[in-house]
Amino acid sequence: MSSDFAVLESVLRPLSYWYNQDNLEEVAINCAGEIWLRMRGKRAYPWVMYKDEKLSKAYLTDLLYIIANTYEMPFDPLEGSPFVYATIPGDHRFSAICGRNVMYDERDLTGGIALTIRLHKDDVAFGLEDYGMKQGQALQKLNPLKDIKIPDDAYERLLLYIKRGEHILVSGATSTGKTTFLNNLLKILDIHKRIITVEDTRELIVPHPNRVHLVMSRTSQTNDIDYSGIIDLVVRFTPDAIIGGEISTSNASGIWQLMGSGHDNCFATIHAESSQEAYLQFIKRIMASTNGAVNVEQTLDEMRRKLHVVQIQRLGNTRAITEVT
């Protein structure tokens with residue numbers, strides 16, 4: 001086994017050049033040839049991107065196979081598991097996905113690779129004061145927008161919800177422009193945020209450079225990946241916002257779990273005629289994927305508290321927002 005680790009350490013060198021630098025908390029690769037470094041400390045924009053041709057798709061693919069073989073774990077992006085989870089030398093937490101379930105943009109329709117490495121540092125020591133806790137002082141509020149009174153104006157209310165990191169469900173009938181509206185909401189999000197999208201078909205247009213697009217096809221899925229696997233991966237990928245596509249019976253439970261995972265700004269769309277119906281349709285789809293194991297009243301109450309509905313209606317060629325809950 002020691003010889004296997006020696007081989008692994010050798011293969012890791014092009015990547016370890018980056019993650020062995022000082023003052024790093026995490027590194028991420030969203031597509032071949034680029035690496036994002038998350039700097040340690042209090043920074044307004046912690047992520048920094050660099051180009052590196054050594055981090056090619058061929059190199060990264062070989063690396064995933066070698067890590068999987070070293071730790072004797074199943075890995076087959078085409079017909080088996082497309083995930084690789086491991087603790088690599090240095091006690092760093094490694095998480096990756098490979099194949100057609102991950103894309104960057106229209107250039108990689110054959111599939112891509114995305115990974116994150118959460119760095120372990122022996123010399124990093126945190127005390128209570130590092131978390132803003134001091135004797136005799138009130139606890140900090142990191143999101144002062146939470147204290148702002150909800151405005152009566154629907155336009156201002158929607159902008160406040162987005163800036164506060166709250167969850168949005170865009171609801172409407174067919175051809176009301178839900179996905180187009182969702183794409184416009186993305187333009188409001190801080191361009192420095194790290195965005196993870198989870199879709200059945202690649203439709204979302206994300207202007208943010210630090211992004212990963214995960215795809216769960218309803219028609220051409222060939223490997224063993226499911227939404228439970230996607231949920232585990234997404235939370236390991238340290239997103240600032242999680243953007244889903246259309247709520248369906250296959251993804252409803254997973255997206256609802258992501259909305260409760262402590263992350264900001266989960267957005268998705270659903271077919272419904274009103275905000276009230278949007279909540280009920282969401283719950284019905286969750287029930288369909290969990291064999292009815294849902295407390296409807298409790299879930300409905302929770303949705304109303306943590307999920308805002310933007311209702312779109314259409315009359316002829318006119319589309320309009322009719323509700324912002």
Side-chain angles (χ1 to χ4, degrees), residues 27-36 55-69 71 73-86 93-118 179 182 186 194-206 208-239 241-259 261 263 266-269 289:
V27 303
I29 292 178
N30 304 331
C31 67
E34 295 180 1
I35 187 164
W36 290 83
L55 305 177
S56 65
K57 185 175 180 179
Y59 164 74
L60 294 171
T61 302
D62 289 343
L63 175 62
L64 295 193
Y65 276 106
I66 290 170
I67 292 176
N69 290 336
Y71 292 94
M73 64 180 67
F75 172 65
D76 184 347
L78 295 179
E79 298 182 356
S81 171
F83 303 116
V84 174
Y85 297 129
R93 189 178 68 183
F94 183 97
S95 306
I97 182 172
C98 177
R100 298 188 66 178
N101 294 109
V102 57
M103 297 182 179
Y104 190 72
D105 56 26
E106 65 278 1
R107 294 174 298 176
D108 59 5
L109 295 180
T110 59
I113 295 174
L115 64 86
T116 62
I117 303 175
R118 186 73 175 180
T179 301
L182 182 56
L186 291 175
R194 175 168 167 80
I195 310 295
I196 308 294
T197 69
V198 183
E199 303 175 80
D200 296 320
T201 305
R202 272 286 280 117
E203 294 181 303
L204 296 172
I205 302 171
V206 181
H208 304 67
N210 190 357
R211 67 187 191 270
V212 176
H213 297 292
L214 302 175
V215 178
M216 290 287 295
S217 175
R218 301 187 203 179
T219 58
S220 59
Q221 194 72 26
T222 58
N223 55 27
D224 296 335
I225 189 172
D226 57 18
Y227 269 94
S228 63
I230 284 290
I231 293 168
D232 190 38
L233 181 77
V234 168
V235 297
R236 290 168 181 257
F237 268 25
T238 322
I242 303 168
I243 315 299
E246 179 187 340
I247 300 292
S248 65
T249 55
S250 62
N251 67 17
S253 179
I255 290 179
W256 179 237
Q257 288 182 59
L258 287 173
M259 287 181 173
S261 62
H263 294 91
C266 289
F267 297 169
T269 68
S289 62

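- Side-chain atoms of His213 and Ile196, non-hydrogen and from C-beta on, never get closer than 4.5 Å to each other.
- The distance from atom OG1 of Thr179 to atom CD of Glu246, rounded to the nearest 0.5 Å, is 7.5 Å.
- Looking at Ile243 and Val206, their side chains never come closer than 4.5 Å, going by heavy atoms from C-beta outward.
- The CE atom of Met259 sits 9.5 Å away from atom CZ of Phe267, with the distance rounded to the nearest 0.5 Å.
- Summarising the geometry, atom CG belonging to Asn30 is positioned 8.5 Å from atom CG belonging to Leu115; distances are rounded to the nearest 0.5 Å.
- Remark: the backbone N or O of Val215 is paired with a side-chain donor or acceptor of Asn101 at under 3.5 angstrom.
- Leu233 has its side chain within reach of Tyr85: a pair of non-hydrogen atoms, C-beta onward, lies under 4.5 Å apart.
- When all heavy atoms are compared, the tightest approach of Ser248 to Asn251 is N-OD1, 2.7 Å.
- Side-chain atoms of Arg211 come within 3.5 Å of backbone N or O of His208 as a donor-acceptor pair.
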Under the side chain to side chain contact (heavy atoms under 4.5 Å, CB included) rule, what do Ser95 and Phe83 come out as? Steps first, then yes or no, please. CA-CA 7 Å; Ser95 306; Phe83 303 116; over 6 Å; no
Kindly indicate, with the supporting measurements, whether the criterion side chain to side chain contact (heavy atoms under 4.5 Å, CB included) is fulfilled by Thr197 and Val212. CA-CA 6 Å; Thr197 69; Val212 176; over 6 Å; no
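- Side-chain contact between Asp232 and Tyr227: absent, with no pair of heavy atoms (C-beta onward) separated by less than 4.5 Å.
- Of the possible polar contacts, one joining the Lys57 side chain to the Gly111 backbone as a donor-acceptor pair under 3.5 Å is found.
- Here the closest heavy-atom approach between residue Leu258 and residue Ser261 is recorded as O-OG, 2.6 Å.
- Closest approach of Arg194 to Thr116, counting heavy atoms only: NH2-CG2, 3.6 Å.
- The shortest heavy-atom contact between Pro74 and Ser81 is O-CB, 4.2 Å.
- Scanning all heavy atoms of the two residues, the minimum distance from Ile247 to Ala252 falls at CG2-CB, 3.8 Å.
- Here the side chains of Ile113 and Leu64 are in contact, with some heavy-atom distance below 4.5 Å.
- Panel note: side chain Glu199, backbone Glu203; a donor-acceptor pair is recorded below 3.5 Å.
- Summarising the geometry of Phe94 relative to Ala96, their closest heavy-atom pair is CE2-CB, 3.6 Å, with the distance given to 0.1 Å.
- Between Ile230 and Met216, the closest side-chain pair of non-hydrogen atoms falls below 4.5 Å.
- By the 4.5 Å heavy-atom criterion applied to side chains, Leu214 and Ile97 are counted as neighbours.
- By the 4.5 Å heavy-atom criterion applied to side chains, Ile255 and Val198 are not counted as neighbours.
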